[in-house]
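A quick write-up on the structure given underneath.
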Amino acid sequence: MKKILTAMTICIAIVALAAAFASAKPDGLEWVAMKFGFEKKAADASYFSLPMPDYNITFIHKPFWSTFLAGTIGAAVVFSLVYFVGWVVKRIHVNSSPL
Amino acid sequence: MHIPDGFLSGPVLAGSAALSVAGLSLALNRIKKNFENKLVPTMGVLAAFIFAAQMFNFPVAAGTSGHLLGGVMAAVILGPMAASVILMVVLIVQSLLFQDGGLLALGANVFNMAIVGTWTGWAIYKIISRIFKARSFYLSGVFVGACASVVAASAMCSLELAMSGVIPLKVGLPTMAAVHTLIGIGEGIITLSVISFVQKVKPELLK
């Protein structure tokens with residue numbers, strides 16, 4: 001348990017560093033898209049309103065805290081989702097084993 | 001290289017999604033024992049780590065940035081199947097919660113990064129690190145495999161873009177591959193650092 005908390009603290013520290021120092025330059029694909037003029041094809045995907053578009057919490061106005069909180073929530077969700085996937089797989093496995 | 005919605009055509013989206021489902025089903029089937037062992041916390045932590053690290057874009061040449069993919073890093077620690085599952089979880093959260101990567105394009109992104117990139121990089125790592133038993137071969141395998149994972153994922157992405165009629169392969173592939181080779185060097189350095197550290201602190205790595 002303690003190891004998990006230590007590791008998750010490291011993750012949150014990385015989120016903080018990302019929120020403070022991450023480069024805002026376009027990533028590889030975005031850069032290629034802009035270079036060849038197809039970046040505008042990216043739809044404003046508003047199929048449903050996403051809670052934290054682009055790692056920002058809309059009602060927090062300080063960019064560092066907005067990104068940091070979004071990232072921390074994301075890390076927690078990712079961690080939990082792994083457990084959830086594990087639970088689902090275990091259920092399917094147990095239910096289909098020939099006992 | 002999270003593909004947003006609007007780039008890829010319907011058939012390409014559907015095809016890559018189908019391949020992702022197939023690949024991930026295989027991976028989940030192979031690792032179901034993981035979930036009964038004590039490996040779930042490790043998987044959870046690695047997933048969170050990769051998610052956090054992917055937020056940290058580092059500048060790469062003038063005008064672009066890159067970030068860690070993490071597939072080979074996870075594969076060296078937990079094997080390629082678990083690595084795919086971890087990457088899949090990260091990509092799902094990124095798309096659904098943060099709009100990083102399209103919703104319809106999720107299948108393509110999972111296929112490119114969690115499957116093609118991860119498994120290609122892992123295979124290369126295995127080949128190189130098995131040539132000789134020296135530690136230098138192991139480490140160079142980690143580095144080259146990690147770099148290759150990024151390039152492979154970007155190549156598959158170029159193929160999808162070409163099949164969608166967005167940019168011809170003979171233009172898109174060299175450009176994507178060139179940019180992502182630079183990003184791949186960053187991936188190699190980060191992966192190597194993490195693996196070296198884990199090796200010293202807790203050498204329960206998959207060799």
Side-chain angles (χ1 to χ4, degrees), chain A residues 1 3-4 7-8 10-15 17-19 21-33 35-36 38-45 47-48 50-56 67 70-90 92-93, chain B residues 1-7 28-29 31-32 34-36 40-41 43-60 63-67 85-86 88-90 92-94 96-100 102-104 150 154 157-158 161 166-167 171-172 175-176 179-180 182-183:
Chain A
M1 182 59 170
K3 283 185 193 163
I4 298 178
M8 289 306 280
I10 295 175
C11 292
I12 292 174
I14 295 173
V15 170
L17 289 172
F21 300 118
S23 167
K25 293 199 190 136
D27 78 15
L29 176 61
E30 288 165 350
W31 182 83
V32 172
K35 186 171 159 70
F36 291 98
F38 60 88
E39 83 279 10
K40 33 195 165 13
K41 281 171 157 286
D44 300 28
Y47 305 113
F48 49 90
L50 291 162
M52 294 174 279
D54 207 29
Y55 304 96
N56 275 310
T67 307
T72 304
I73 293 171
V77 170
V78 166
F79 181 79
S80 315
L81 192 51
V82 169
Y83 274 80
F84 177 71
V85 169
W87 178 80
V88 169
V89 168
K90 253 196 281 190
I92 297 175
H93 186 209
Chain B
M1 71 192 82
H2 295 54
I3 304 171
D5 282 334
F7 278 9
L28 284 166
N29 192 50
I31 66 163
K32 44 181 191 263
N34 274 31
F35 295 116
E36 281 144 45
V40 180
M43 286 179 67
V45 161
L46 257 182
F49 180 86
I50 289 173
F51 171 83
Q54 289 206 358
M55 284 182 72
F56 202 144
N57 281 47
F58 47 86
V60 167
T64 13
S65 67
H67 61 69
V85 172
I86 289 169
M88 171 196 75
V89 169
V90 171
I92 288 174
V93 173
Q94 287 172 330
L96 292 185
L97 241 52
F98 303 106
Q99 214 163 328
D100 189 3
L103 191 57
L104 297 181
V150 177
S154 74
C157 179
S158 316
L161 290 170
V166 173
I167 182 171
V171 177
T175 319
M176 284 286 276
V179 170
H180 286 90
L182 295 176
I183 298 174

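We name chains A, B, ... by the order of the sequence lines, and we start the count at 1 in each one.
Here the straight-line distance linking atom CZ of Phe58(B) with atom OG of Ser23(A) works out to 10.0 Å at 0.5 Å rounding. Remark: Phe79(A) CZ to Leu46(B) CG distance equals 11.0 Å, nearest 0.5 Å. Going from atom CG of Leu161(B) over to atom CZ of Phe36(A) covers 11.0 Å, rounded to the nearest 0.5 Å. Taking CZ of Phe49(B) as the start and CD1 of Ile10(A) as the end, the distance is 8.0 Å to the nearest 0.5 Å. Distance check, rounded to the nearest 0.5 Å: OG1 of Thr64(B) to CG of Asp27(A) gives 9.0 Å. From Gln94(B), atom CD reaches atom CE of Met52(A) across 12.0 Å, with rounding to the nearest 0.5 Å.
The parts of Ile3(B) that come within reach of chain A are both its backbone and its side chain, each placing non-hydrogen atoms under 4.5 angstrom from that chain. Of the atoms belonging to Val32(A), it is side-chain heavy atoms, and not backbone ones, that fall under 4.5 Å from chain B. With a 4.5 Å cut-off on non-hydrogen atoms, Phe51(B) touches chain A through its side chain but not through its backbone. Looking at Leu97(B), the atoms closer than 4.5 Å to chain A (heavy atoms on both sides) sit in the backbone and in the side chain alike. Heavy atoms closer than 4.5 Å to chain B are found nowhere in Phe84(A), neither backbone nor side chain.
Scanning both residues, Val45(B) and Cys11(A), for their nearest heavy atoms gives O-SG, 4.0 Å. Here the closest heavy-atom approach between residue Gly44(B) and residue Val82(A) is recorded as N-CG1, 3.7 Å. Taking each heavy atom of Phe56(B) and Ile14(A) in turn, the nearest pair found is CD1-O, 4.4 Å. The two residues Val89(B) and Val78(A) make their nearest non-hydrogen contact at CG1-O, 3.7 Å. The two residues Lys41(A) and Phe7(B) make their nearest non-hydrogen contact at CB-CD1, 3.8 Å.
Options Ala7(A), Ala76(A), Gly28(A), Ala33(A) differ in how many heavy-atom pairs under 4.5 Å they form with chain B, and the most are formed by Gly28(A). With chain A as the partner, the residue from Ile167(B), Ile183(B), Val60(B), Val179(B) showing the most heavy-atom pairs under 4.5 Å is Ile167(B). Interface check for chain B: of the options Leu81(A), Ile12(A), Asn56(A), the most heavy-atom pairs under 4.5 Å are formed by Leu81(A). Interface remark: of the candidates Ala70(A), Gly74(A), Gly71(A), Gly74(A) forms the most heavy-atom pairs closer than 4.5 Å to chain B.
Side-chain contact check for Thr67(A) versus Met55(B): some heavy-atom pair is nearer than 4.5 Å. Using a 4.5 Å heavy-atom cutoff, the side chains of Ile31(B) and Val89(A) are not in contact.
Summarising the local packing, NZ of Lys35(A) is surrounded by 12 or fewer heavy atoms from other residues, nucleotides or ligands at distances under 6.0 Å.
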*asked:* Show, in sequence, the C-alpha distance, side-chain angles and deciding distance for Leu29(A) and Met176(B), and conclude whether the side-chain contact (heavy atoms from CB on, under 4.5 Å) test is met.
replied: CA-CA 7 Å; Leu29(A) 176 61; Met176(B) 284 286 276; 3.8 Å; yes

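Ring orientation note: the planes of Phe98(B) and Tyr55(A) are close to parallel, at an angle under 30° on the 30°/60° scale.
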